[in-house]
Amino acid sequence: MAQKKKFRLKLLFQEFDLSAGIFTIGRYPWCNITLDDPLVSREHVRITIDEERAVLDDLGSRNGTLVNGLPVFNNYVLKHFDRIRIGAHELVFLEQTHYPSTQLRPTGTMMACPECRIPCPNNVTICPHCGCAMVPDKICRKCRTPAAEDEPFCPKCGEKFERQDHTVPVELGGDASGWTTQLVDEVIEKALTVGRYEQAAKLIDGKISSFDQAAKNGTVNVHTLIDITRLTLTVAHGQKDARRMGVIMDRWCRHQAEMPNNLLSKLEEAAHGWYDIRGDLKRYISALNSRSESRMIDPELKEQLARLTREAPGK
């Protein structure tokens with residue numbers, strides 16, 4: 001009789017059996033693997049296992065799922081040594097035709113250290129990597145007593161915990177904004193490559209919100225605006241979405257920033273044949289002209305704007 005396949009997931013030094021049926025990974029305690037990581041959705045991915053294969057489905061997670069560096073969405077058949085990236089965690093899918101001599105744990109709980117962000121077992125009180133004290137899952141707002149994630153009421157005063165989705169979109173940054181920005185940019189680029197404009201658009205909207213928040217606090221990073229514009233133009237052209245063209249031009253007008261010539265050319269190229277950009281260009285010229293005299297418009301940019309306003313084709 002042919003030997004049945006056996007599937008496992010490896011996370012750091014732990015391995016988990018994938019028995020026939022449904023296997024879930026997320027931040028909720030009832031998942032088969034619980035990852036206490038704000039980048040992980042409550043129910044992030046589902047793996048459906050039968051005797052022959054294991055199929056991964058992203059459950060509409062906020063930050064997406066990567067396999068071998070590429071975004072996956074549903075009906076992905078896992079292969080031996082596939083690397084699954086969920087939030088800050090990487091799991092390795094293993095396919096075997098022999099059984100180990102010892103039974104592996106079917107479930108497990110990991111949490112990310114608040115200081116070094118390296119995953120470690122949920123039952124430790126001190127991070128084994130950096131020595132930081134681990135933060136409890138919940139703290140009662142009334143008496144400040146710590147509690148586990150699955151506790152519906154405070155164990156000391158009985159205060160009811162409100163259930164909320166605390167998933168942090170990677171595009172919003174935070175303490176680990178460096179690598180989280182890199183992560184979301186990777187997902188956006190991969191999604192655009194395969195024409196997944198809707199998924200890319202949601203992540204770009206998060207980057208725009210983050211940019212707007214920083215601008216409210218007095219920080220306007222033109223390099224970030226250039227990057228957001230480049231991504232937005234790709235999505236707007238792919239979806240023929242005039243609203244997105246207007247949204248990105250509003251930012252340039254609002255902050256009176258000078259757009260690089262090559263980006264202005266990309267704007268014209270993206271709008272060609274379906275969107276009349278002349279109105280946006282006139283608003284942009286007016287915004288630049290309203291700046292103080294000490295901030296004169298670059299002559300080359302001024303000339304290019306005037307030319308595009310005259311020559312840009314309509315719809």
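Fair warning: this is a prediction, and the values are worked out from it, not measured in the lab.
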Would a distance-only check, ignoring hydrogens and angles, find a side-chain to backbone donor-acceptor pair under 3.5 Å from [X] to [Y]?
X	Y	result
Asp17	Ser19	no
Gln256	Ala287	yes
Asp58	Val72	no
His44	Gly26	no
Thr219	Ala215	no
Asn63	Leu39	yes

*Gln239, CD: over 12 other non-hydrogen atoms inside 6.0 angstrom*: yes
*How about Lys282: does its NZ atom have over 12 heavy atoms from other parts shown lying under 6.0 Å from it?*
no
Hey, is [X] close enough to [Y] for a salt bridge, meaning N to O under 4.0 Å?
X	Y	value
Glu90	Arg83	yes
Asp250	Arg243	no
Glu95	Lys5	yes
Asp227	Arg230	yes

Where do [X] and [Y] come nearest, in terms of heavy atoms and distance?
X	Y	answer
Asp212	Arg254	OD1-NH1, 4.0 Å
Ile47	Ala54	CG2-CB, 3.9 Å
Lys79	Phe93	O-CD2, 3.1 Å
Met245	Leu267	CE-CD1, 3.7 Å
Cys31	Arg42	SG-O, 3.5 Å
Phe211	Arg251	CE2-CG, 4.1 Å

If only side-chain N and O atoms count, and only distance matters, is there a donor-acceptor pair under 3.5 Å linking [Y] with [X]?
X	Y	answer
Asp241	Tyr197	no
Ser61	Glu43	no
Asp82	Asn68	yes
Thr24	Trp30	no

Report the distance from atom [atom1] of [X] to atom [atom2] of [Y], rounding to the nearest 0.5 Å.
X	Y	atom1	atom2	value
Cys253	Arg283	SG	CZ	4.5 Å
Gln304	Asn262	CD	CG	9.0 Å
Leu263	Leu233	CG	CG	6.5 Å
Leu305	Leu288	CG	CG	6.5 Å
Thr309	Ile277	OG1	CD1	8.0 Å
Asp298	Met259	CG	CE	13.5 Å

_Pairs flagged by ring pair (Phe, Tyr, Trp, His ring centres under 6.0 Å) wherever residues 212-232 is involved - sequence neighbours left out_ = none
*Determine whether Val222 and Thr224 make a side-chain contact, defined as any pair of heavy atoms from C-beta on separated by less than 4.5 Å.*
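The answer is no; the side chains never approach within 4.5 Å.
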*Are side-chain heavy atoms of Tyr76 and Leu78 found at a separation under 4.5 Å?*
yes
*Cluster question for you: counting only ILVMFWY and a side-chain heavy-atom cut-off of under 4.5 Å, with indirect links fine, are Leu308 and Ile285 together?*
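As far as the 4.5 Å side-chain criterion goes, Ile285 and Leu308 are connected within one cluster.
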*Given salt bridge (Lys or Arg N to Asp or Glu O under 4.0 Å), test Glu51 with Lys6 step by step and report yes or no.*
CA-CA 8 Å; Glu51 294 181 355; Lys6 186 173 183 65; over 6 Å; no
_Of Leu35, Thr34, Ile25, the residue whose pairing with Val40 passes side chain to side chain contact (heavy atoms under 4.5 Å, CB included)_ = Leu35
*Looking at Ile226, Leu225, Thr232, which one forms a side chain to side chain contact (heavy atoms under 4.5 Å, CB included) with Thr229?*
Leu225
*Could you tell me which residues satisfy side chain to side chain donor-acceptor pair (under 3.5 Å) with Asp50, sequence neighbours excluded, listed by chain and number?*
none
*Does the salt bridge (Lys or Arg N to Asp or Glu O under 4.0 Å) test come out yes or no for Lys202 and Asp205, once each step is laid out?*
CA-CA 5 Å; Lys202 291 179 180 179; Asp205 286 344; over 6 Å; no
*Return the orientation label for the Tyr284 and Trp252 ring planes: parallel under 30°, perpendicular over 60°, tilted otherwise.*
perpendicular
_Residue pair Val235, Ile204: steps toward the side-chain contact (heavy atoms from CB on, under 4.5 Å) verdict_ = CA-CA 9 Å; Val235 171; Ile204 293 170; 3.6 Å; yes
*Just checking, Arg196 and Phe73: is the charged tip under 6.0 Å from the six-membered ring centre and within 45° of the axis?*
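Yes, Arg196 sits over the ring of Phe73.
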